[in-house]
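Below is one structure, written out as structure tokens, with a few remarks after it.
Quick note on labels: first sequence line is chain A, next is B, and so on, each numbered from 1.
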2 protein chains.
Amino acid sequence: MIDDTRQRLIDAAGAIFAEKGYEAASVRDICQQASANIAAVNYHFGEKKSLYVAAVRHAQSCADSENPEMTWPADMSPVERLRAHILQMLQRKLEGDKPAWHLGIMLREMAFPTEACAAVVEDYVRPMANGMRAILLDLLGHDFPEEKGNMIGFSIVGQVLFYYVHQPVIRLLIGESAHDALTVQKLADHITNFSLAAMGLAPSLGHSTPTPPITTKAMT
Amino acid sequence: MIDDTRQRLIDAAGAIFAEKGYEAASVRDICQQASANIAAVNYHFGEKKSLYVAAVRHAQSCADSENPEMTWPADMSPVERLRAHILQMLQRKLEGDKPAWHLGIMLREMAFPTEACAAVVEDYVRPMANGMRAILLDLLGHDFPEEKGNMIGFSIVGQVLFYYVHQPVIRLLIGESAHDALTVQKLADHITNFSLAAMGLAPSLGHSTPTPPITTKAMT
DNA sequence: TCCTCAATCAAACACTTGTTTTAATCCGAT
DNA sequence: ATCGGATTAAAACAAGTGTTTGATTGAGGA
């Protein structure tokens, strides 16, 4: 059976782990949500912790398969690749078509790491970081200093992650309606334009010229 | 000292809550670290949850008193106020002279909120957000659209928080030595220059085109 | 001195936790 | 039909949880 109880356990566990954290999630709750017996988790995974890492690995393997390698058309300009990259990151996090726990459990792992964090970094974060670095190298020149490039990458990713990690704070801070008005497309355009302007590849924000979405070709 | 064990309990609780999270922290561990009896927490606070919110409130009251209201000299240019503000945020988080759990427990609360989150936002986040908004209004003009201003503020704060929230990921990603090379001063300069350039108030990163630093007053 | 009352302590409480055990069930191969 | 391995089920396990109890302390006031 594809719909094994083992898979049902991983799905239920991921959802509950992502929502309540590792310690607060009980195997009884997980088994009940998975319509499985209490002993099932120990039969299939041996112990609770193994079920947790199985859920994390499943989440990142799904994230891998759901996102088609981020391979952009070769004739796409670096600027447009950056724009598409930022939009995709935001969509992946805020437009939850897939089960929301896939990224929730990984963000929890990245903020308060357990032993599964290293695997997440290697299998999920590093490929994404390499993709970002490739774009930045095309944008800034391949002899750009590595440390500066790292910081620029962190500046971009930090902007994106902020809207996900601290979403509840933003809601409380600016109100529900103002938060709902921040659509993914609007956020992606802002972050892209903000970052491009910081790198000198687009007109700066700040002066209220109704800036149309920048679609300039990259300067090589 | 009037409330001896009560304060010891709050200190021990804050440290353990920040490190292990609410559920994983046991009152027995807390009482042992505080050299108090197991019944002390229930005698002084009634229940575990009240001790937690007491620790959170203590952390934010300390954060308030430790940071002298962020009142800059009146003749300081908005650009320099922004630079000082960013540096101060980073110092507060990464240069731990004070007990590290003061901000650790609040970041945990902001990322995965409990019922204490609203209080943290109102008493700690909102004043800081107002300070940031005041600087941005001086920088961009007091008739700047609110939503755009919010997003710019989030872009700046997101860059800062990234280095704290995802510090373990950064360590794994670029290595210990490269991470240690990212001093607070270096990060503050980068984030400030990056953000100023994005707003068109400083030369852009990316190319060494020495555009003279713009330190003009806000255009109204 | 006696009393009071807040504070501390050891012990036990009732409950949940993760895990194990043992028996029952399914299901394809013989 | 029968066997045997794989899976599920119910119950019990030991350990840990937050919380409560009731006794004990020790300083301050009448």
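Here the side chains of B:Met89 and B:Met132 are in contact, with some heavy-atom distance below 4.5 Å. Contact annotation: the side chain of B:Leu87 never approaches that of B:Arg83 to less than 4.5 Å [non-hydrogen atoms, C-beta and beyond].
For the pair B:Leu9 CG and C:dT8 P, the interatomic distance rounds to 9 Å; values are reported in whole Å. B:Asp4 has its CG atom 21 Å from the P atom of D:dT25, to the nearest Å. Following rounding to the nearest Å, A:Ile38 (CD1) and C:dT16 (P) show an atom-to-atom distance of 13 Å. Rounded to an integer number of Å, the gap from CD of A:Gln32 to C1' of D:dA10 is 16 Å. If you measure from atom OH of B:Tyr52 to atom C1' of D:dT19, you get 21 Å, rounded to the nearest angstrom. As a whole-Å value, the separation of A:Lys48 NZ from D:dG16 C1' is 13 Å. Whole-Å rounding puts the B:Lys20 NZ to D:dG16 C1' distance at 12 Å. The CG atom of B:Asn37 sits 14 Å away from the P atom of C:dA12 (whole-angstrom rounding).
Of the candidate nucleotides D:dT7, D:dA12, D:dT19, D:dT19 has the atom nearest to the side chain of B:Arg28. Listed nucleotides D:dT17, D:dA6, C:dT19 differ in distance to B:Ser26; the shortest reach to its side chain belongs to D:dT17. Among D:dT19, C:dT17, C:dT8, the nucleotide with an atom closest to any side-chain atom of B:His44 is C:dT8.
A:Asp29 places no side-chain N or O within 3.5 Å of a backbone atom of A:Ala25 that could act as its donor or acceptor partner. Listed for the A:Arg126 side chain is a donor-acceptor partner under 3.5 Å among the backbone atoms of B:Leu172.
Between B:Glu47 and A:Ala36, the residue whose closest nucleotide on DNA chain D is further toward the 5' end is A:Ala36. Residues B:Ala39 and A:Val27 both approach DNA chain C. Their nearest nucleotides, taken by heavy-atom distance, put B:Ala39 toward the 5′ side. Mapping B:Ala24 and B:Tyr43 onto DNA chain D by nearest heavy atom places B:Ala24 at the nucleotide closer to the 5' end.
For B:Thr5 and C:dT8, the shortest distance from a side-chain N or O to OP1 or OP2 is below 4.0 Å.
Under the side chain to side chain contact (heavy atoms under 4.5 Å, CB included) rule, A:His58 has a single partner from A:Ile105, A:Asp11, A:Val53, which is A:Asp11.
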